Amino acid sequence: MQIIKVTSNKKQYLPLLLLADEEEAMIDRYLERGIMYVLEDGDVKAECLVTNEGDGILEIKSLATLPQFQRRGYAKVLINFIEAKYKERFKILQVGTGDSPATVPFYQKLGFIRSHIIKNFFTDNYSHPIYDGGILLTDMVYLRKRL
Ligand SMILES: CC(C)(COP(=O)(O)OP(=O)(O)OC[C@H]1O[C@@H](n2cnc3c(N)ncnc32)[C@H](O)[C@@H]1OP(=O)(O)O)[C@@H](O)C(=O)NCCC(=O)NCCS
């Protein structure tokens with residue numbers, strides 16, 4: 001297993017990016033300034049993108065494991081890698097996600113704690129209704145972990 005930094009043609013991983021954020025126009029808002037990593041175990045199995053949000057905050061903008069390889073620990077390996085790599089340079093690792101049983105319990109399991117919400121983020125910013133884990137997403141929920 002290895003984790004590789006992607007420095008060019010990040011859109012080659014669009015199918016993975018779209019798993020985490022299904023509207024490409026929203027991905028385009030952070031793709032260029034984000035630092036992207038892919039986890040290879042044979043082939044690419046998972047992907048993650050992080051951005052510097054200032055004030056010592058590093059944000060996970062995209063994290064996805066191919067559906068047929070979920071629940072095998074790949075995303076956990078990526079988060080552990082990010083934490084180890086950035087803990088000297090950042091104070092907080094945060095993520096914004098829909099209030100969904102498909103994502104929030106995953107981050108809580110890894111030690112993230114609910115921090116704040118952006119009301120109506122999904123209904124205000126996306127061109128169509130977004131469902132995750134059978135839930136219509138409205139607010140963006142932020143979870144944080146101290147590095
Ligand atoms: C969320 C996601 C990235 C998790 O990836 P994964 O590779 O399946 O996660 P892991 O196997 O590393 O799981 C780590 C731990 O969280 C647990 N977990 C994963 N998903 C969970 C869920 N929905 N509810 C509860 N626990 C969950 C795992 O059981 C595992 O627990 P363990 O350490 O005790 O074994 C994956 O489901 C995914 O790609 N979803 C679609 C894209 C997406 O929504 N991304 C998040 C955008 S914010």
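As the structure is a computational prediction, the values presented were derived from the model and not from experiment. Numbering of ligands and ligand atoms starts at 1, following listing order. If you read the sequence from its start, that first residue is 1, and numbering goes on from there.
Under the salt bridge (Lys or Arg N to Asp or Glu O under 4.0 Å) criterion, Glu40 pairs with no residue at all, not counting sequence neighbours.
Using a 4.5 Å heavy-atom cutoff, the side chains of Lys61 and Glu53 are in contact.
A distance-only check finds a donor-acceptor pair linking the side chain of Lys10 to the backbone of Gly34 [under 3.5 Å].
Sequence neighbours left out, the pairs with a member in residues 33-63 that pass ring-ring contact (aromatic ring centres under 6.0 Å, His included) are Tyr37-Phe81.
Within 4.0 Å of ligand 1, protein heavy atoms belong to Leu19, Ala20, Leu63, Ala64, Thr65, Gln70, Arg71, Arg72, Gly73, Tyr74, Ala75, Lys76, Thr97, Pro101, Ala102, Thr103, Pro105, Phe106, Tyr107, Lys109, listed by chain and number.
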Show me the side-chain donor-acceptor pairs of residues 101-114 shorter than 3.5 Å, one per line, residues at least two apart or across chains.
from, atom 1, to, atom 2, distance (Å)
Thr103, OG1, Thr97, OG1, 2.9
Arg114, NH2, Asp99, OD1, 2.8

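Between His116 and Tyr142, the ring-plane angle classifies as parallel under the 30° and 60° cut-offs.
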